[in-house]
Amino acid sequence: MKRVWIETYGCQMNVADTELILGVLAGEGYTQADQPEGADVLLVNTCAVRDNAEQRVIGRMGELQRHKRPGTVLGVVGCMAQRLGPILLERVPKVDLVVGPDGYRNLPELLGHAAGGMRTADVEYRSWEHYEDFPQVRAAGPTAFVTVQRGCDYRCTFCIVPTTRGPERSRRLADVVAEVRALAEGGTSEVTLLGQTVNSYHDGTDDFAALLRAMGTVDGIRRIRFTSPYPTDFTPSVIEAMATTPAVCDHVHLPVQSGSNSVLRRMRRRYTRERYLDVVDEIRSAMPAITFSTDIIVGFPGETEDEFADTLSIVGAAGFDDAYTFKYSVREGTPAVKIRDHVPDDVATERLDRLIDVVRAQARRRNAAHVGEVYEVLVERPARRGDMMLARTRRNHMVLVDLPTSSIGEYHKVQLTGTTGSTFTGALHHARLAVL
Ligand code: SAH
Ligand code: F3S
């Protein structure tokens with residue numbers, strides 16, 4: 001029995017890809033190691049979206065190398081593997097194998113070569129690849145990530161993802177339904193559909209609206225989430241499908257990136273501030289309970305103080321409940337590299353701090369307003385500290401509840417009793433109050 005240790009960095013799609021890699025390797029008799037020591041294969045599934053993500057991986061690889069004995073294979077997979085390819089083999093002498101997101105079906109063969117001393121990089125794009133024939137090895141739990149679309153055909157000028165993940169392609173609706181049906185039969189009741197522009201999903205026959213509706217018919221699936229949609233791909237029919245499919249949750253993560261029209265244009269985002277806000281309004285009118293989170297980049301090349309002010313003001317204008325905020329990171333090979341006037345790091349840092357203050361204050365205010373309300377939550381996992389369980393509302397609020405570990409996967413009604421600003425505490429609720 002060969003044992004593989006795999007670490008995952010970056011987005012949810014990498015989490016799903018790690019489950020896929022474990023599935024590919026399980027077919028060849030590999031089992032998952034619970035520590036790097038003594039494993040036959042060490043893999044790092046990497047992110048390339050910002051430089052600090054790559055620096056973390058490089059640091060971690062330095063540590064992992066220490067577990068390498070003769071015969072152990074050290075491999076780098078994922079977006080950083082795709083971006084750097086053979087350069088990684090040159091720069092990190094102990095790395096035996098570099099495989100991009102379209103090369104995972106070859107892993108068993110490449111691992112064999114690597115064990116024999118051959119160092120390879122497989123960074124070919126395979127735009128047909130969906131890994132349909134590999135059952136994923138998923139961590140047990142009530143919720144599952146389901147990749148419905150790989151790659152990206154948009155060309156946001158800051159973003160390396162189109163280079164690391166190749167062209168956009170959607171899985172066939174019937175294949176997705178079959179997978180979700182099997183998940184539901186195994187006890188999963190919540191799925192998160194994944195794609196870089198997930199609502200541009202189209203398999204040649206069916207679009208994202210059809211996919212949502214089809215998900216809604218799967219017995220046992222009580223919650224449907226998806227990430228990340230692109231603002232202008234929320235067609236009226238997608239919004240209608242969301243609003244009329246009861247399992248679709250009341251939360252959308254909708255990356256805005258900037259609140260300034262001139263910055264959005266330089267980023268080559270396909271919307272204006274006004275159009276973005278219209279989309280938010282359209283979704284809110286169809287689903288009044290919806291909450292929004294977003295991604296925001298500060299310090300994009302040429303960003304002026306006025307442009308940044310527009311980003312600060314869109315937080316309130318859109319009514320975001322949460323935001324992931326990033327300092328722009330130059331990615332070699334992206335179009336934005338050529339834009340002049342790079343924002344000095346101290347200016348970008350200072351803007352990031354101001355933005356985080358605005359986002360936090362708004363999140364705290366909005367969350368405080370929910371204290372006292374009663375929600376249905378799905379119990380997901382033990383909280384990191386204490387002996388409480390972490391549960392989630394349909395609106396994506398995280399709630400600490402005093403329940404036993406055996407409650408994982410159960411749905412309970414809880415009354416929110418307090419908030420730290422980002423998460424809530426809740427108490428089990430039995431009375432007949434309206435449930436949100
Ligand atoms: N379409 C994907 C985007 C993947 S990248 C999605 O929406 O999930 C995730 C986020 O990282 C982006 O929304 C963006 O806010 C941020 N990001 C991407 N490239 C970046 C860069 N060069 N510098 C800083 N942040 C970046
Ligand atoms: Fe990146 Fe824009 Fe695609 S952020 S993943 S190029 S939609």
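Just follow the structure's listing: the first ligand is 1, and inside any ligand the first atom is 1. Below, all heavy atoms of this structure are taken into account, side chains as well, without hydrogens, waters or symmetry copies.
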Does a donor on one side chain sit under 3.5 Å from an acceptor on the other, for [X] and [Y]?
X	Y	answer
Arg56	Asn52	no
Gln149	Ser200	yes
Asn261	Glu274	yes
Glu373	Tyr375	yes
Arg273	Ser313	yes
His253	Ser293	yes
His67	Gln65	no
Glu7	Tyr9	yes

Open item on the list: Heavy-atom distances under 4.0 Å decide this one: backbone, side chain, both or neither, for Arg269 against ligand 2?
Closed with: side chain
- [ ] From atom 3 (C) of ligand 1, work out which of Gln196, Met267, Gln12 has a heavy atom at the shortest distance.
- [x] Gln196
- [ ] Would you mind listing every salt bridge (charged side-chain N to carboxylate O under 4.0 Å, His left out) that reaches into residues 134-151, with sequence neighbours excluded?
- [x] Asp17-Arg150, Glu19-Arg138, Arg138-Glu179
[atom]: nearest protein contact (heavy atom, Å):
atom	value
atom 25 (N) of ligand 1	Arg50 NH1, 3.5 Å
atom 9 (C) of ligand 1	Asp295 OD2, 3.9 Å
atom 5 (S) of ligand 1	Val49 CG2, 3.4 Å
atom 19 (N) of ligand 1	Phe158 CD1, 3.3 Å

Task: ligand 2 atoms in contact with Thr197 (distance to a heavy atom under 4.0 Å) - done: 7 (S)
Suppose I only count heavy atoms of [X] and a 4.0 Å limit; which atoms of ligand 1 are within that range?
X	result
Gln257	12 (C), 13 (O), 14 (C), 15 (O)
Ile297	14 (C), 15 (O), 17 (N), 25 (N), 26 (C)
Pro255	7 (O)
Arg331	22 (N)
Ser228	6 (C), 7 (O), 8 (O)

Open item on the list: Phe326 versus ligand 1: do any nitrogen or oxygen atoms come within less than 3.5 Å of each other?
Closed with: no
Task: Rounded distance [0.5 Å steps], OH in Tyr104 versus CD1 in Ile21 - done: 4.5 Å
Task: Cation-pi, Tyr411 ring and Arg222 (6.0 angstrom, 45 degrees) - done: yes
TODO: May I ask whether Met13 has any heavy atom positioned less than 4.0 angstrom from an atom of ligand 1?
DONE: no
Task: Polar protein atoms near atom 1 (Fe) of ligand 2 [N, O or S; cut-off under 2.8 Å] - done: Cys159 SG
TODO: Write down the atom of Asn199, the atom of Phe234, and the distance for their closest heavy-atom approach.
DONE: ND2-N, 3.4 Å
TODO: Report the part of Ser329 (side chain from C-beta onward, or backbone N, CA, C, O) that has a heavy atom under 4.0 Å from ligand 1; answer both or neither where that applies.
DONE: both
- [ ] For the residue pair Val279 and Leu254, establish whether any side-chain heavy-atom pair is separated by less than 4.5 Å.
- [x] yes
